[in-house]
Amino acid sequence: MPDEIILKVEQLTKRFGGVTAVDQISFQLRKGEFLGVIGPNGSGKTTLINLISGFVKPTSGKIAYRDKDITGKAPYTIACLGISRSFQMVRTFHKLPAFKNLIVPLYSPRVKKFGGGKYGERDDIAIDLLDDLGFERDSAVPYKMAGSLPHGYLKRLDLARCMALRPDLLILDELFSGMAMSEVAATLPVIEKFNREGLTIVMAEHRLKELFRVANRVIVLNFGQKIADGTPKEAMNREEVQKAYLGTEVEG
Ligand SMILES: Nc1ncnc2c1ncn2[C@@H]1O[C@H](COP(=O)(O)OP(=O)(O)OP(=O)(O)O)[C@@H](O)[C@H]1O
Ligand SMILES: [Mg+2]
């Protein structure tokens, strides 16, 4: 079903005390889409991702994933349904080698269902995933303690962790922040390939130029509200969007 709606967000709201971080947001996502989520600092991007992935419970509204109501469900339950998210602030198992950081998703019931493999094979899967993201298998990098790796590697390790879950929906929160230009340039085509192979992707990103190379649709948030939804060009041409970005640095 090429037009299958994979995610349906309805009137989603999250208030933290007096702050409405996400304000009555609705949108739908079709299978295979690549949706960018943009907006100035504090506009609600991370909160929206936290709501969809279960890390924060909504004040009101509804989230459905493939016709299943996932509103307020636990992160673990949502992950096992096939929604994987990365973190703006990456946290790893610092005292484990990089490739061992993929243990949790690789041993999840979801991956077991795919016929997860035996002990050693899982390590091979981890090394394969990391190799695609620039942790060269013949170098020492995949075997180094995660805590000793530079920031750009940690962001890519977090992406590999997401992919280890074999997600149907991948949600990336500022994956490119803190990455060197060369790392972004190397990672973009990999993400593009995941999308071409059928993975649905949502990407909150400040680096607009890079985002617009891969996303065919964007939603723009401002003070928790959705102020635009369309192609990057349509969205950026809207007056409300230009006003929202006024005084902030727009890359791209
Ligand atoms: N746990 C929390 N408690 C209180 N307020 C919060 C909490 N999380 C987020 N907020 C507030 O909600 C608003 C939206 O924040 P959020 O982190 O979702 O924005 P963002 O678009 O991801 O920003 P950035 O671009 O800086 O990452 C901000 O005003 C923020 O201070
Ligand atoms: Mg954020």
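Atoms within a ligand are numbered from 1 in the order they appear, just like the ligands themselves.
- For ligand 1, the protein residues placed under 4.0 Å by at least one non-hydrogen atom are F16, V19, A21, P40, N41, G42, S43, G44, K45, T46, T47, Q88, E174, H206.
- Two residues are said to be in side-chain contact when any heavy atoms from C-beta on lie closer than 4.5 Å; V22 and L51 meet this criterion.
- Salt-bridge annotation for E4 and R66: present, with a side-chain N of the basic residue lying under 4.0 Å from a carboxylate O of the acidic one.
- Side-chain contacts under 4.5 Å among hydrophobic residues (ILVMFWY), followed directly or transitively, place F87 together with F55.
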Give every donor-acceptor pair under 3.5 Å between a side-chain atom in residues 6-19 and any protein atom, sequence neighbours left out.
from : atom 1 : to  : atom 2 : distance (Å)
Q11  : NE2    : S26 : OG     : 3.4
T13  : OG1    : Q24 : N      : 3.0
K14  : NZ     : K57 : O      : 2.9

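- Take a cut-off of 2.8 Å around the Mg ion (ligand 2): the protein N, O or S atoms inside it are T46 OG1, Q88 OE1.
- Taking the centre and axis of the six-membered ring of F34, the NZ or CZ atom of R217 falls outside the cone set by 45° and 6.0 Å.
- Taking a cutoff of 4.0 Å between a charged side-chain nitrogen and a carboxylate oxygen, D168 and R110 qualify as a salt bridge.
- Looking at M203 and I171, their side chains never come closer than 4.5 Å, going by heavy atoms from C-beta outward.
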For this session: Verify side chain to side chain donor-acceptor pair (under 3.5 Å) between D173 and T46, making sure each step is shown before the conclusion.
Result: CA-CA 7 Å; D173 194 359; T46 297; 2.8 Å; yes

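- Counting heavy-atom neighbours within 6.0 Å of F27 CZ, excluding the residue itself, gives a total above 12.
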